[in-house]
Amino acid sequence: MKEFVQSVQAVGMKFMMWYSVPFCGKKSKAYQQFRGKFLTENHRWAPVFDPRFPEVRAYLISKYVQAIGTWGMDGLKLDFIDDFMVYPETNMDPDPTRDFTSVIEAVDRLLTDVAQALQTIKPHVALEFRQKYIGPGMRQFGNMFRAFDCPHDGVTNRVRTTDVRLLAGSSATHSDMITWHYEEDVEVAALQVLNAMFSVLQISVRLAEIPEDHLAMIKFYTHYWLENQVTLMQGNFIPTDPLANYPLIRVDSEQKIVLGVYGNQVVGLDQRHYLDILNATLNHQLVYTCEQDFGNYQVQVYDCQGQLTLEEYRRLNPGVGSIEVPASGLIRLTKMN
């Protein structure tokens, strides 16, 4: 495993491993070792470790220390933390071999010790958690939060990444895996990417197999994300109308505003040197309003493959205006001196 990790890191990538923390396979040596030390053996997937036993916590921690310390991994995804719970068959009788009575307190101890052990080995280790077991309290243990599973569902990805980001503070928010059918029109495929643009994109299609126009779209929008990641990830994050699934999301910094438009609506603009509008719809027109005279702007419009479709200069006068834009396209407004 160590050599495999090094081979991945040698091409400039980071290596993380996924662990289903609570579960112990019945055919494993650990199952025989820890018989009688499970919260339940009737879970639909596998027996659930009882973290109230110190030897159970020590065993789990040793596995993660091996991954980071021996194999040299850059991070771990620690999953299914929410399956540590009291089940109907959980033994709650006093037991002197357990150092905790509360399952919740034992989980807190486990995660605290995991984080400390791994950060001692690698101070900037990446530790990822996933909905539904995330919230502000989990930030003391991890630094990456991810949306709950919703592949091929851009709208749900948008809602979940937005929900996560509102809880995550400065911790990184990741999308669920972004997938689509390779026979989709490229504009429809692009919606999957655009719906997750205000999180860290996790694109999960086979680049060698997708159509050329899909690959061009991925290159264009991943380049856009990288170019604007400081604004997108660290800017003032303002999602609107949660009951309508956040149809407009905005991030802004001192110099730039990025707007993600996900529905049929009139978009109110504010004055900045740079204004980017992501048309995350299949519409071909963006209607906007300005409350005052914002001055002259260069207007550049791109389709989802990065081809320039319009370049003009216009004054953003008070009132209502519109810009023609391809489905899943990008409008870039740059203030003229």
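- Once rounded to the nearest 0.5 Å, the distance linking OH of Tyr302 with CG of Leu310 reads 10.5 Å.
- The environment of Glu89 atom CD is dense: over 12 non-hydrogen atoms of other residues, nucleotides or ligands sit within 6.0 angstrom.
- Environment of NZ in Lys122: crowded, with over 12 heavy atoms of neighbouring residues, nucleotides or ligands closer than 6.0 Å.
- With ring centers used as reference points, Trp45 lies under 6.0 Å from Phe80.
- Across all non-hydrogen atoms, the minimal contact from Pro51 to Leu39 is CD-CD1, 3.9 Å.
- A distance-only check finds no donor-acceptor pair linking the side chain of Ser253 to the backbone of Thr231 [under 3.5 Å].
- A salt bridge does not link Glu128 to Lys14: none of the charged side-chain nitrogens sits closer than 4.0 Å to a carboxylate oxygen.
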Could you walk me through whether Lys2 and Val5 satisfy the side chain to side chain contact (heavy atoms under 4.5 Å, CB included) test, starting with their C-alpha distance in whole Å, then the side-chain angles of each, then the deciding distance to 0.1 Å, before giving a yes or no? CA-CA 5 Å; Lys2 181 178 180 179; Val5 171; 5.8 Å; no
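- Asp252 has a carboxylate O that lies under 4.0 Å from a charged side-chain N of Arg250, or vice versa, which qualifies the two as a salt bridge.
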Begin with the C-alpha distance, continue with both residues' side-chain angles, and end with the deciding distance and a verdict on salt bridge (charged side-chain N to carboxylate O under 4.0 Å, His left out) for Arg332 and Glu227. CA-CA 13 Å; Arg332 308 194 82 161; Glu227 184 182 54; 3.4 Å; yes
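- Judged by distance alone, the side chain of Lys77 and the main-chain N or O of Met144 form no donor-acceptor pair under 3.5 Å.
- Distance check: Ile218 CD1 to Trp225 CH2 gives 15.5 Å after rounding to the nearest 0.5 Å.
- Taking NE2 from His284 and CD from Glu187, the interatomic distance works out to 7.5 Å, rounded to the nearest 0.5 Å.
- Rounding to the nearest 0.5 angstrom, the gap separating the CG atom in Leu259 from the CD1 atom in Ile238 is 9.5 Å.
- Applying the side chain to side chain donor-acceptor pair (under 3.5 Å) test to pairs two or more places apart or on separate chains, those with a residue in residues 168-180 are Arg139-Ser170, Arg139-Ser171, Arg146-Asp176, Trp180-His214.
- For His43, the side-chain hydrogen bond (donor to acceptor under 3.5 Å, both in side chains) test picks out Asp83, with sequence neighbours left out.
- Taking a cutoff of 4.0 Å between a charged side-chain nitrogen and a carboxylate oxygen, Arg57 and Asp99 qualify as a salt bridge.
- For the pair Arg158 (side chain) and Asn245 (backbone), a donor-acceptor distance under 3.5 Å is present.
- Nearest heavy atoms, Leu127 versus Phe141: CD1-O, 3.3 Å.
- Listed for the Asn228 side chain is no donor-acceptor partner under 3.5 Å among the backbone atoms of Leu232.
- When every heavy atom of Val125 is checked against every heavy atom of Gly75, the shortest pair comes out as CG2-CA, 3.9 Å.
- The two residues Cys24 and Phe38 make their nearest non-hydrogen contact at CB-CE2, 3.6 Å.
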Applying side chain to side chain contact (heavy atoms under 4.5 Å, CB included) to Val258 and Leu278, what does each step give before you reach the verdict? CA-CA 8 Å; Val258 180; Leu278 299 165; 4.1 Å; yes
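- In this structure, Phe4 and Phe15 have perpendicular ring planes: the angle between them is above 60°, well past the 30° mark.
- Within 6.0 Å of CE in Met92 there are more than 12 heavy atoms belonging to other residues, nucleotides or ligands.
- The two residues Asp276 and Leu333 have their closest heavy-atom pair at OD1-N, 4.4 Å.
- Not counting sequence neighbours, the partners of Asp163 by the side-chain hydrogen bond (donor to acceptor under 3.5 Å, both in side chains) test are Tyr246.
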Between Leu76 and Tyr19, does a side chain to side chain contact (heavy atoms under 4.5 Å, CB included) hold up when you go through it step by step? CA-CA 7 Å; Leu76 304 176; Tyr19 283 91; 3.7 Å; yes
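- Screening residues 287-299 for side chain to side chain donor-acceptor pair (under 3.5 Å), with sequence neighbours left out, gives Tyr288-Arg314, Asp293-Arg315, Asn296-Arg315, Gln298-Glu311.
- Scanning both residues, Asp95 and Thr97, for their nearest heavy atoms gives OD1-OG1, 2.7 Å.
- Remark: Gln116 CD to Leu118 CG distance equals 10.5 Å, nearest 0.5 Å.
- Residues forming a side-chain hydrogen bond (donor to acceptor under 3.5 Å, both in side chains) with Lys37 (at least two apart in sequence, or on another chain): Glu55.
- Of the possible polar contacts, one joining the Gln271 side chain to the Phe294 backbone as a donor-acceptor pair under 3.5 Å is found.
- Considering CG of Asp185 and SG of Cys304, their distance stands at 9.5 Å, rounded to 0.5 Å.
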Could you please spell out the steps behind the side chain to side chain contact (heavy atoms under 4.5 Å, CB included) verdict for Val48 and Thr90? CA-CA 10 Å; Val48 178; Thr90 299; over 6 Å; no
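- By the 30° and 60° cut-offs, the orientation of the rings of Phe129 relative to Phe145 is tilted.
- Within the structure, the ring pair (Phe, Tyr, Trp, His ring centres under 6.0 Å) test picks out no pair touching residues 82-115 (sequence neighbours left out).
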